[in-house]
Protein chains: 2
Amino acid sequence: MDDVENIRAFNRTVTRRLGVLNEKYLGRDRPLVESRLMFEIGVNGASVRELRARLGLDSGFSSRLLRALERKKLVSTRPAGSDGRVRIAHLTRSGLAELKRLEALSDDLARSMLAPLSPGQAQRLVGAMAEVERLLRASSIEFAPVDPRSGDAERCLRQYYAELAARFPRGFELRAEDAPVAGELAPPAGCMIVARLFGEPVGCGAIRTLAPGLGEIKRMWVSPRVRGLGVGRRLLETLEHVVCEPELRAVRLDTNASLTEALGLYRTSGYREIPRYNDNPYAQHWFEKTLVGKP
Amino acid sequence: MDDVENIRAFNRTVTRRLGVLNEKYLGRDRPLVESRLMFEIGVNGASVRELRARLGLDSGFSSRLLRALERKKLVSTRPAGSDGRVRIAHLTRSGLAELKRLEALSDDLARSMLAPLSPGQAQRLVGAMAEVERLLRASSIEFAPVDPRSGDAERCLRQYYAELAARFPRGFELRAEDAPVAGELAPPAGCMIVARLFGEPVGCGAIRTLAPGLGEIKRMWVSPRVRGLGVGRRLLETLEHVVCEPELRAVRLDTNASLTEALGLYRTSGYREIPRYNDNPYAQHWFEKTLVGKP
DNA sequence: TCCATTATCTGACTCTAGTCAGAAATTTAC
DNA sequence: GTAAATTTCTGACTAGAGTCAGATAATGGA
């Protein structure tokens with residue numbers, strides 16, 4: 001397979017070149033992970049658990065790195081107001097200055113890749129890099145079932161409700177009877193799936209059993225950061241084939257007319273519009289898809 | 001600058017994804033450098049100095065890695081026939097089997113990047129990766145002046161003469177009076193430049209002083225492995241602006257009609273054809289370019 | 001209230017990936 | 001023939017990047 005050959009060549013060349021450059025620019029006077037950690041903390045700060053998830057670090061290791069940066073007066077941590085266990089790391093004044101310096105180095109690195117090329121080559125390189133970056137991000141997204149009450153599920157749902165409130169013409173307020181009922185969305189009769197990019201939740205979706213053999217898709221949400229990468233479609237396919245008890249022969253869902261990407265996704269994924277089947281006051285379209293058998 | 005922003009995003013996403021995958025696939029049961037070293041040795045073997053140059057390793061470190069692979073019976077080394085100092089590393093029978101296994105893992109890695117994508121996305125990813133790989137290779141090529149008698153210069157010239165012999169209709173044999181005269185191609189009156197890709201010589205060119213203020217380009221060669229990346233043009237520009245004593249106002253060169261890429265390069269680089277100016281029996285075209293001032 | 005879970009931290013340890021100094025064997029230049 | 005350079009090797013040392021086993025404190029649910 002020639003594609004595989006191409007990817008191997010890409011892997012080797014890029015690993016070598018980026019390895020050398022990262023060392024040279026970003027790891028010059030400080031360990032590379034410390035630089036990466038400072039990039040992740042950024043100007044707005046981040047909780048330790050976010051940092052751990054994004055960089056894929058061991059909890060002990062990340063804690064020690066933060067202590068090292070604190071000793072250098074580049075970072076300060078304080079407890080999060082909402083949850084006394086969580087700590088938020090912020091860059092100090094000199095940490096922000098250091099981040100600026102790192103960003104300048106990172107820009108130098110980028111320019112050093114373009115400098116030897118002709119203008120035409122440089123333009124093609126940037127274009128191809130943007131495409132690779134986008135598609136590699138898409139290919140790095142992973143789907144996993146979660147407990148609907150877990151932290152990652154909660155984080156997704158908060159963003160989901162916030163988005164509904166922002167996009168529905170008359171806003172959105174979660175009715176008590178619609179609040180996630182843990183049992184419904186958990187096995188065996190249902191399931192909640194979270195999509196993660198480098199450890200961070202970027203989308204979710206759930207399925208529950210409406211009647212024997214009939215499922216309903218709920219709470220489909222994809223973070224704006226990864227829209228247009230086909231995450232919604234993969235999420236939908238994953239949910240349709242999640243094992244529910246009893247096995248599903250058809251799936252339904254409802255949605256609001258203002259969620260245009262979702263409408264398009266359902267229509268091109270084999271869903272056909274059906275009459276109202278529930279009393280959801282926010283729903284304006286109802287869909288159903290017949291499942292022909294599991295893969 | 002938006003281009004720089006794109007490259008930084010590329011750098012971060014790719015480093016993370018490839019780092020994780022390389023660890024997972026190729027570094028599973030052996031240090032990553034050992035795997036890389038085995039890839040570089042390949043089925044044909046390679047000298048220790050080649051391996052060091054290609055991977056950018058310290059000589060002590062590479063020697064120790066080879067000893068480790070020898071202890072595991074994966075590699076054997078023996079002196080090169082030509083030069084008693086140089087040693088050639090080969091994969092043993094079980095080393096070759098291990099290389100096959102590594103290549104299979106590397107293929108798995110490649111496929112794991114494509115698997116989550118739709119066929120269209122996969123095709124676009126492979127295309128963009130090939131483009132990035134090609135251009136990143138171009139941008140990784142470095143030019144450095146060398147002693148014309150040094151090993152790297154010799155290696156290039158051997159390949160250069162071999163190529164002339166293969167491409168000239170009636171072959172090529174180096175005349176004694178044309179053999180590299182060290183002084184001519186070395187400062188202050190001349191210079192030899194070698195192009196290197198990841199430490200390995202992939203091209204060369206030289207300039208000497210024909211008469212006060214008049215230079216001559218000699219021994220322009222670009223390895224077939226990097227043709228079409230603009231190496232020849234950059235080499236030529238580098239040579240034109242190398243500081244010679246006395247400073248050059250014009251540069252000449254001769255070439256054979258069978259070297260079509262070279263003819264095209266000279267014509268599009270500001271050289272105009274002039275009458276025969278020397279008695280080189282292999283030359284069929286003579287060119288000159290007026291230099292308008294150094295950058 | 002109790003108990004399981006989650007988030008963070010500490011200390012002890014390991015392994016990878018090097019660097020550096022110098023020795024030995026060859027080759028090349030003068 | 002001798003000196004300088006090249007290639008490889010050995011031994012000693014170091015820094016970076018983690019892993020692992022708990023300890024501590026806060027939270028959420030029964």
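Below, chain A is the first sequence line, B the second, and so on; all start at residue 1. The model shown is predicted, which means the values in this text are computed figures rather than measured ones.
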>> Between C1' on dA5(D) and CG on Asp147(B), what's the gap in Å once rounded to a whole number?
In response: 11 Å
> Of all the nucleotides listed (dA17(C), dT8(C), dT8(D)), which has the minimum atom distance to the side chain of Val86(A)?
Replying inline: dT8(C)
> Tell me: CZ of Arg87(A) to P of dT24(D), nearest whole Å?
Replying inline: 17 Å
>> We want to know whether Arg17(A) and Thr13(A) form a side-chain donor-acceptor pair, criterion being a heavy-atom distance below 3.5 angstrom.
In response: no
>> Less than 6.0 angstrom from the centroid, inside 45 degrees of the normal: does Arg54(A) satisfy that with respect to the ring of Phe198(A)?
In response: no
> When the distance from CZ of Arg149(A) to C1' of dT6(C) is rounded to whole Å, what number comes out?
Replying inline: 14 Å
> Want to settle it: does Asp58(A) or Gly151(A) sit nearer the 5' end of DNA chain C, counting the closest nucleotide to each?
Replying inline: Gly151(A)
> Once you round it to whole Å, what is the distance between P of dA17(D) and CG of Leu55(A)?
Replying inline: 12 Å
>> Would you say Arg87(B) and Thr77(B) are linked by a side-chain donor-acceptor pair, where the criterion is simply a distance under 3.5 Å?
In response: yes
> Thinking salt bridges, do Arg67(B) and Glu70(B) make one under a 4.0 Å N-O criterion?
Replying inline: yes
>> Just the rounded figure in Å: distance from P of dG11(C) to CZ of Phe61(A).
In response: 17 Å
>> Heavy atoms only, 4.0 Å cut-off, all strands: where does Leu65(A) land among base, sugar-phosphate and nothing?
In response: nothing
> Any donor-acceptor pair under 3.5 Å between the side chain of Arg85(B) and the base of dT8(D)?
Replying inline: no
>> On DNA chain D, does the nearest nucleotide to Arg52(B) precede the nearest nucleotide to Val33(A) from the 5' side, or the other way round? Give the residue.
In response: Arg52(B)
> To the nearest angstrom, how far is Leu37(A) atom CG from dG16(D) atom P?
Replying inline: 15 Å
> Given dC9(D), dT27(C), dT27(D), which nucleotide is nearest the side-chain atoms of Asp83(B)?
Replying inline: dT27(C)
> Should Arg67(B) be listed as having a side-chain N or O under 4.0 Å from OP1 or OP2 of dC9(D)?
Replying inline: yes
>> Base of dG11(D), side chain of Arg64(B) - is there a donor-acceptor contact under 3.5 Å?
In response: yes
> CG of Leu57(A) versus P of dC20(D): gap in Å, rounded?
Replying inline: 14 Å
> Does a donor on one side chain and an acceptor on the other come within less than 3.5 Å for Glu163(A) and Trp221(A)?
Replying inline: yes
> Gly60(B) near the nucleic acid: base, sugar-phosphate alone, or nothing, with a heavy-atom cut-off under 4.0 Å?
Replying inline: base
>> Output the rounded distance in Å from CD (Glu154(A)) to C1' (dT5(C)).
In response: 15 Å
